[in-house]
Amino acid sequence: MSKLDNLIGQATAIAHPNLAIIKYWGKENELKNIPASPSLGIALNELHTVTKVYLKHPSSNSEETDRVFIDEKLQSDRRFANFFANLRELVDKRNPKMGKFIITACSSSDFPSSAGLASSASGFAALALACTSALKFELPAKQLSALARTGSASAARSTFGGFVRLDSGAIYANQIYDENWWPELRIIVVEIEKEAKELSSRAAMERVKMNSPFYQAWISDSKKNIDKSLAALEAKNLSALGPLIRRSYLRMFSTMFSSYPPIIYWKPASLAVIILCEKLRSAGLNIWETMDAGPQVKILCLEKEVPLLIEHLKTQFSHLPFWICKVGGPPYLSNND
Ligand code: 2P0
């Protein structure tokens with residue numbers, strides 16, 4: 001009997017990572033993976049995660065289990081088991097007669113994974129779309145977002161394109177504007193290091209919540225920051241949005257620096273790029289950097305500032321690769337299945 005005899009369905013989905021300009025950092029509920037801080041993010045059009053899934057009925061007397069491969073390496077992250085448990089709950093509700101099934105997923109990204117470039121956002125968004133498509137479920141956008149969130153909270157944002165908001169306490173994200181809202185906006189992603197980080201975002205968030213004296217202040221401050229950011233985004237006013245972007249990432253890192261043991265994702269080159277941004281701002285450029293749980297630096301600016309910024313990056317950091325991104329669209333299915 002061929003292995004494909006038990007096949008229920010297969011699908012391949014592609015998703016962009018979603019860069020938070022206002023950060024999700026900390027959980028209201030660890031078990032359900034509910035964020036404690038509101039976030040606002042942007043899909044990055046030049047970066048992609050491609051995930052192919054096969055769903056099949058288990059062969060009799062087999063002990064097959066779900067398996068996820070990233071770049072052909074078998075993963076043991078418990079986030080996948082949590083995501084699959086939630087997927088099965090959904091299947092039980094929509095198609096209770098379906099019976100048991102086993103999932104195999106193979107994923108790869110055209111940017112470094114687990115390095116502060118939101119690969120878990122694009123990864124779980126692509127996984128959610130691929131699994132539901134293999135099951136032939138057409139989920140409403142909010143349900144797809146809620147499913148992706150059970151793997152990784154930032155993935156709730158990555159199931160949409162454009163500008164996306166995930167509120168504190170929310171189970172799904174909402175698109176605020178699509179990818180055509182602000183065509184002049186650019187995001188330069190500077191790759192400082194390719195290596196996967198040693199401490200996961202999840203472990204870092206747990207430590208910060210447990211022992212940073214700044215954690216509660218961070219949560220209440222981020223709730224104040226979000227409304228001002230949305231108003232600046234509505235006005236497409238980068239001079240007003242930029243200081244809020246900077247405040248969000250620096251205050252998020254203050255919770256990490258002040259936890260015990262301290263968490264330091266920054267590298268000397270990260271700080272050097274931040275200092276370059278400070279200098280260029282003092283010289284009148286409207287550019288605003290941000291960072292996530294990793295050493296990479298992302299710089300927001302308008303299209304007209306890109307040539308000068310790139311010239312400075314190439315002169316001062318000729319060894320550092322970078323991408324020039326526009327705002328990306330939603331995840332999509334590949335036609336090759
Ligand atoms: C974000 N980050 O809003 C924030 C900013 C990193 C810094 O979401 O535990 O992989 O799987 O929900 O989504 C990274 O954390 O964490 C993240 P889990 P996730 O993009």
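Contact check on Arg165 versus Asp167 returns a salt bridge, with a Lys/Arg side-chain nitrogen under 4.0 Å from an Asp/Glu carboxylate oxygen. Using a 4.0 Å cut-off between charged nitrogen and carboxylate oxygen, Arg79 and Asp77 count as a salt-bridge pair. A salt bridge between Arg88 and Asp66 is present, with a side-chain N of the basic residue lying under 4.0 Å from a carboxylate O of the acidic one. At a threshold of 4.0 Å, the pair Glu184-Lys326 does not count as salt-bridged, since none of the basic side-chain nitrogens sits closer than that to a carboxylate oxygen. Salt bridge status for Glu64 with Lys56: present, with a side-chain N to carboxylate O gap under 4.0 Å.
Between Leu127 and Cys131, some side-chain heavy-atom pair lies under the 4.5 Å cut-off.
Within the 3.5 Å criterion, the main-chain N or O of Asn180 finds a donor-acceptor partner in the side chain of Asp178. Between the side chain of Arg149 and the backbone N or O of Ala155 there is no donor-acceptor pair closer than 3.5 Å. The backbone N or O of Leu199 sits nowhere less than 3.5 Å from a side-chain atom of Arg202 that would complete a donor-acceptor pair. Of the possible polar contacts, none joining the Ser248 side chain to the Ile245 backbone as a donor-acceptor pair under 3.5 Å is found. A distance-only check finds no donor-acceptor pair linking the side chain of Tyr265 to the backbone of Lys197 [under 3.5 Å]. Side chain of Glu193 to main chain of Pro295: no donor-acceptor pair is present (N/O by atom type, distance under 3.5 Å, no hydrogens or angles).
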Which donor-acceptor pairs under 3.5 Å do the side chains of residues 312-319 make with protein atoms, sequence neighbours left out?
from, atom 1, to, atom 2, distance (Å)
Thr315, OG1, Glu311, O, 2.6

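Connection of Tyr260 to Met256 is not established within any shared hydrophobic cluster, with ILVMFWY side chains joined at heavy-atom distances below 4.5 Å, either directly or through further cluster members. Under the 4.5 Å side-chain contact rule for hydrophobic residues, Ile42 and Tyr332 do not share a cluster. Residue Leu185 is grouped with residue Leu40 when hydrophobic side chains (ILVMFWY) are merged at heavy-atom distances under 4.5 angstrom, including chains of intermediate members. The cluster map of Ile, Leu, Val, Met, Phe, Trp and Tyr, joined by side-chain heavy atoms under 4.5 Å apart, puts Phe163 and Leu44 in the same cluster. Note on Leu90: it does not cluster hydrophobically with Ile102, by side-chain heavy-atom contacts below 4.5 Å among ILVMFWY residues.
Looking only at atom types and distance, the side chain of Thr51 has a donor-acceptor partner in the side chain of Ser107 under 3.5 Å away. Arg157 and Ser39 form a side-chain donor-acceptor contact under 3.5 Å, judged by distance and modelled atom types alone. Residues Lys136 and Thr132 have side chains that never bring a donor and an acceptor to within less than 3.5 angstrom of each other. Looking at Ser334 and Lys52, their side chains never bring a donor and an acceptor atom within 3.5 Å of each other. No side-chain donor-acceptor contact under 3.5 Å links Glu28 and Ser168. Side-chain contact check for Trp25 and Thr255: at least one donor-acceptor pair (N or O, by modelled atom type) lies under 3.5 Å.
For Arg94 and Phe137, the positive end sits near the middle of the six-membered ring, less than 6.0 Å away and at most 45° from its axis.
Each of Leu129, Asn18, Val164, Leu19 was checked for a side-chain contact (heavy atoms from CB on, under 4.5 Å) with Ser158, and the lone residue meeting it is Asn18. In summary, of the residues considered (Lys298, Lys23, Arg246), a side-chain hydrogen bond (donor to acceptor under 3.5 Å, both in side chains) with Thr290 occurs for Lys23 alone.
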Item to check | Check against side chain to side chain contact (heavy atoms under 4.5 Å, CB included), Ile103 and Tyr54 | outcome: CA-CA 6 Å; Ile103 304 155; Tyr54 305 87; over 6 Å; no
Next on the checklist: Does Lys209 form a salt bridge (Lys or Arg N to Asp or Glu O under 4.0 Å) with Glu30? I'd like the steps, not just the answer.
Outcome noted: CA-CA 11 Å; Lys209 185 175 179 181; Glu30 278 74 15; 3.1 Å; yes
Next on the checklist: Go through it in stages, so that I can follow the logic: the residues are Glu289 and Arg281, the test is salt bridge (Lys or Arg N to Asp or Glu O under 4.0 Å), and I'd like the CA-CA distance, side-chain angles, deciding distance and then a yes or no.
Outcome noted: CA-CA 10 Å; Glu289 79 286 353; Arg281 260 196 305 276; 2.9 Å; yes
Next on the checklist: Go through it in stages, so that I can follow the logic: the residues are Tyr177 and Leu233, the test is side chain to side chain contact (heavy atoms under 4.5 Å, CB included), and I'd like the CA-CA distance, side-chain angles, deciding distance and then a yes or no.
Outcome noted: CA-CA 9 Å; Tyr177 303 110; Leu233 178 60; 3.8 Å; yes
Next on the checklist: What verdict does the side chain to side chain contact (heavy atoms under 4.5 Å, CB included) test give for Phe214 and Val208, after you've listed the backbone C-alpha separation in whole Å, the side-chain angles of each residue and the deciding distance to 0.1 Å?
Outcome noted: CA-CA 9 Å; Phe214 300 159; Val208 157; over 6 Å; no
Checklist entry - Can you list the steps and then say if Ser212 with Ser259 is a side chain to side chain donor-acceptor pair (under 3.5 Å)? => result CA-CA 4 Å; Ser212 166; Ser259 67; over 6 Å; no
Next on the checklist: Applying side chain to side chain contact (heavy atoms under 4.5 Å, CB included) to Thr49 and Asp110, what does each step give before you reach the verdict?
Outcome noted: CA-CA 7 Å; Thr49 297; Asp110 56 8; over 6 Å; no
Checklist entry - Where do Trp288 and Tyr249 land on the ring-ring contact (aromatic ring centres under 6.0 Å, His included) test, with the steps shown first? => result CA-CA 11 Å; Trp288 301 92; Tyr249 95 88; over 10 Å; no
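Here the straight-line distance linking atom CD of Gln175 with atom OG1 of Thr159 works out to 9.5 Å at 0.5 Å rounding. In this structure, CD1 in Ile299 is found 11.5 Å from SG in Cys325, a value given to the nearest 0.5 Å. Between atom CG of residue Leu87 and atom CG of residue Leu135 there is a gap of 6.0 Å, rounded to the nearest 0.5 Å. Put simply, OG on Ser109 and CD1 on Ile70 are 7.5 Å apart, with the number rounded to the nearest 0.5 Å. Atom CD1 of Ile226 and atom CD1 of Ile22 lie 6.0 Å apart (nearest 0.5 Å). Rounding to the nearest 0.5 angstrom, the gap separating the CH2 atom in Trp266 from the CG atom in Leu271 is 6.0 Å.
Of all heavy-atom pairs spanning Leu238 and Pro243, the tightest one is O-CD, 4.3 Å. For the residue pair Tyr172 and Ala146, the shortest heavy atom distance occurs at CB-N, 3.8 Å. Residues Lys304 and Pro307 approach most closely at O-CD, 3.6 Å, considering heavy atoms. Annotation for Asn6 and Pro58: closest pair ND2-C, 4.1 Å, computed over non-hydrogen atoms. When all heavy atoms are compared, the tightest approach of Ile192 to Ala269 is CG2-CB, 3.7 Å. Annotation for Ala130 and Ala11: closest pair O-CB, 3.4 Å, computed over non-hydrogen atoms.
Under a cut-off of 6.0 angstrom, the local environment of NZ in Lys142 is sparse, with at most 12 non-hydrogen atoms contributed by other residues, nucleotides or ligands. Residue-environment remark: CD (Glu278) exceeds the threshold of 12 foreign heavy atoms within 6.0 Å.
Between His48 and His16, the ring-plane angle classifies as tilted under the 30° and 60° cut-offs.
For the ring-ring contact (aromatic ring centres under 6.0 Å, His included) condition, the pairs that include at least one residue of residues 65-115, sequence neighbours left out, are Phe80-Phe124, Phe83-Phe124.
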